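One structure below.
Both counts, for ligands and for their atoms, begin at 1 and track the order of listing. Keep in mind it's a predicted model, so treat the numbers as computed, not measured.
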Amino acid sequence: MNNIKVVKAEQLKSKPDANSLGFGKYFTDHMLVMDYSADQQWHDLRIVPYGPISLDPSAMVFHYGQEVFEGMKAYKTADGNISLFRPDMNLKRLNASCERISIPQVDPEVLLEGIVQLVNLEREWIPEGEESSLYIRPFIIATEACLGVRAAKEYKLLVILSPVGSYYPEGIHPVSIYVEDQYVRAVRGGTGMAKTSGNYASGIKAQEAAKQDGYSQVLWLDGVEKKYIEEVGSMNVFFKIGGEIITPALTGSILAGITRDSVIALLASWGIPVVERQISVEELFEAARQGVLEEAFGTGTAAVISPIGTMKWENEQISIAGGQTGEWSKKLYDSITGIQKGERDDHLGWRHTIS
Ligand SMILES: *Cc1c(COP(=O)(O)O)cnc(C)c1O
């Protein structure tokens with residue numbers, strides 16, 4: 001498909017300093033846009049200069065939050081190519097989120113082709129540093145001008161790109177986690193399994209409070225009993241207890257992370273099973289008290305693997321792996337980033353090479 005219209009930016013921005021990228025602070029020169037109307041369905045896929053968009057103040061997304069998003073990355077590989085990591089999974093999940101939020105499905109092939117062309121056009125923006133990449137943020141918003149509470153009849157899809165360094169200023173050093181025992185993120189039957197802004201809006205208060213107390217993320221418990229572990233901020237979570245690797249089962253309120261899936265598949269390819277089951281925070285802290293909680297880490301596109309060094313729940317604080325990066329956290333981080341960057345054999349066929 002080469003009929004994507006391209007309107008080039010008249011002036012290109014100067015690239016930010018590679019050492020101060022941070023996460024999501026800088027954006028490239030162009031973006032991908034596509035519109036939906038009931039008559040024309042999804043149409044007019046195009047690349048245009050990056051910049052503000054104009055919306056009616058009554059655009060439905062502002063009032064009822066009908067929105068979905070994705071997060072993926074493009075890497076410069078060792079041989080000078082560009083690769084995406086399992087983009088088919090992101091597009092599948094985007095449509096699953098659309099399904100839940102009553103947004104019309106997008107043709108995954110059309111969107112992937114658009115993303116590939118956009119990334120190709122912006123290839124100079126892909127940073128080369130060890131922990132850096134070009135973050136890709138597709139999202140869809142309800143744009144119809146109406147205050148009626150119903151599914152909108154008009155939407156806009158955008159894809160913006162941001163060169164990013166390490167997600168955490170601490171780098172791949174262990175983070176401290178606050179187990180949230182007052183607020184909840186999602187309940188079964190809610191929208192926890194969709195990647196949608198509302199899940200984040202409802203979590204910000206807890207996140208800010210945790211930050212004030214010196215913790216970098218919150219760990220969410222189930223929304224009914226506040227007993228079972230769900231996930232951490234924008235990451236899924238894994239534990240190694242007495243030699244066994246465990247992650248909360250996808251019960252409907254947890255986001256099905258692609259990094260989570262990759263960790264499970266990679267460990268399986270090494271002959272190491274991952275147990276997917278419910279795990280209570282009491283069981284976890286008891287394991288820590290007994291000295292058998294050997295490792296904990298979060299998984300997500302932004303940070304890939306984020307080792308957890310300390311955790312606080314009610315009045316108890318535990319230290320995990322002596323506050324250091326655990327063996328499996330390091331191995332998985334090196335393997336996944338190695339595959340992404342083309343430095344390791346892609347035995348599971350995850351790299352989507354652009355050129
Ligand atoms: C995006 C996200 C994740 C991680 O998913 P990946 O596909 O691994 O990036 C985990 N939890 C939440 C709530 C998320 O939004």
*Under 30°, 30 to 60°, or over 60°: which ring-plane class applies to Phe23 and Tyr135, parallel, tilted or perpendicular?*
perpendicular

_Salt bridge present between Arg150 and Glu144 (N-O < 4.0 angstrom)_ = yes

_I need the nearest protein heavy-atom contact for atom 8 (O) of ligand 1: residue, atom name and distance, please._
Thr259 OG1, 2.6 Å

_Glu286 and Arg289: CA distance, side-chain angles, deciding distance, salt bridge (Lys or Arg N to Asp or Glu O under 4.0 Å) verdict_ = CA-CA 5 Å; Glu286 182 55 25; Arg289 290 174 210 127; 2.6 Å; yes

*Tell me, please: is Gly71 in heavy-atom contact with ligand 1, that is, under 4.0 Å?*
no

*Region of Met235 engaging ligand 1 - heavy atom pairs below 4.0 Å*: backbone

*Should you measure from each heavy atom of Glu231, which atoms of ligand 1 turn up under 4.0 Å away?*
10 (C), 11 (N), 12 (C), 13 (C)

*If you count the non-hydrogen atoms of other residues, nucleotides and ligands that lie under 6.0 Å from NZ in Lys13, is the total more than 12?*
yes

*Ignoring angles and geometry beyond distance, decide whether Tyr200 reaches within less than 3.5 Å of ligand 1 through its nitrogen or oxygen atoms.*
yes

*asked:* Less than 4.0 angstrom from a charged side-chain N to a carboxylate O is my criterion; do Glu327 and Lys331 meet it?
replied: yes

*Between the candidates Arg93, Met72, Lys195, which shows the shortest non-hydrogen contact distance to atom 1 (C) of ligand 1?*
Lys195

_Numbered atoms and elements of ligand 1 in range of Gly257, under 4.0 angstrom, heavy atoms_ = 5 (O), 6 (P), 7 (O), 8 (O)

*May I ask you to list the atoms of ligand 1 that are less than 4.0 angstrom from any heavy atom of Gly233?*
13 (C)

*Do Tyr178 and Tyr215 make the cut of ring centroids closer than 6.0 angstrom?*
yes

_Tell me the protein heavy atom at minimum distance from atom 4 (C) of ligand 1, and give that distance in Å._
Ser234 O, 3.6 Å

*With only distance considered, is Leu255 within less than 3.5 Å of ligand 1 through an N or O on each side?*
no

*Nearest to atom 13 (C) of ligand 1 by heavy atom, Glu230, Met193, Arg185: which?*
Arg185

*asked:* Salt bridge or not between Glu283 and Arg277? Use side-chain N to carboxylate O under 4.0 Å.
replied: yes

*asked:* Taking 4.0 Å as the limit for heavy-atom contacts, which would you say applies to Thr301 with ligand 1: side chain only, backbone only, both, or neither?
replied: both

_Could you walk me through whether Arg93 and Asp261 satisfy the salt bridge (Lys or Arg N to Asp or Glu O under 4.0 Å) test, starting with their C-alpha distance in whole Å, then the side-chain angles of each, then the deciding distance to 0.1 Å, before giving a yes or no?_
CA-CA 12 Å; Arg93 187 173 63 190; Asp261 183 81; over 6 Å; no

*For ligand 1, which atoms have a heavy atom of Gly300 less than 4.0 angstrom away?*
4 (C), 8 (O), 9 (O)

*Say whether Thr299, considering both its backbone and side-chain N or O atoms, lies within less than 3.5 Å of an N or O atom on ligand 1.*
no

*Side chains of Thr191 and Asn199: donor-acceptor distance under 3.5 Å anywhere?*
yes

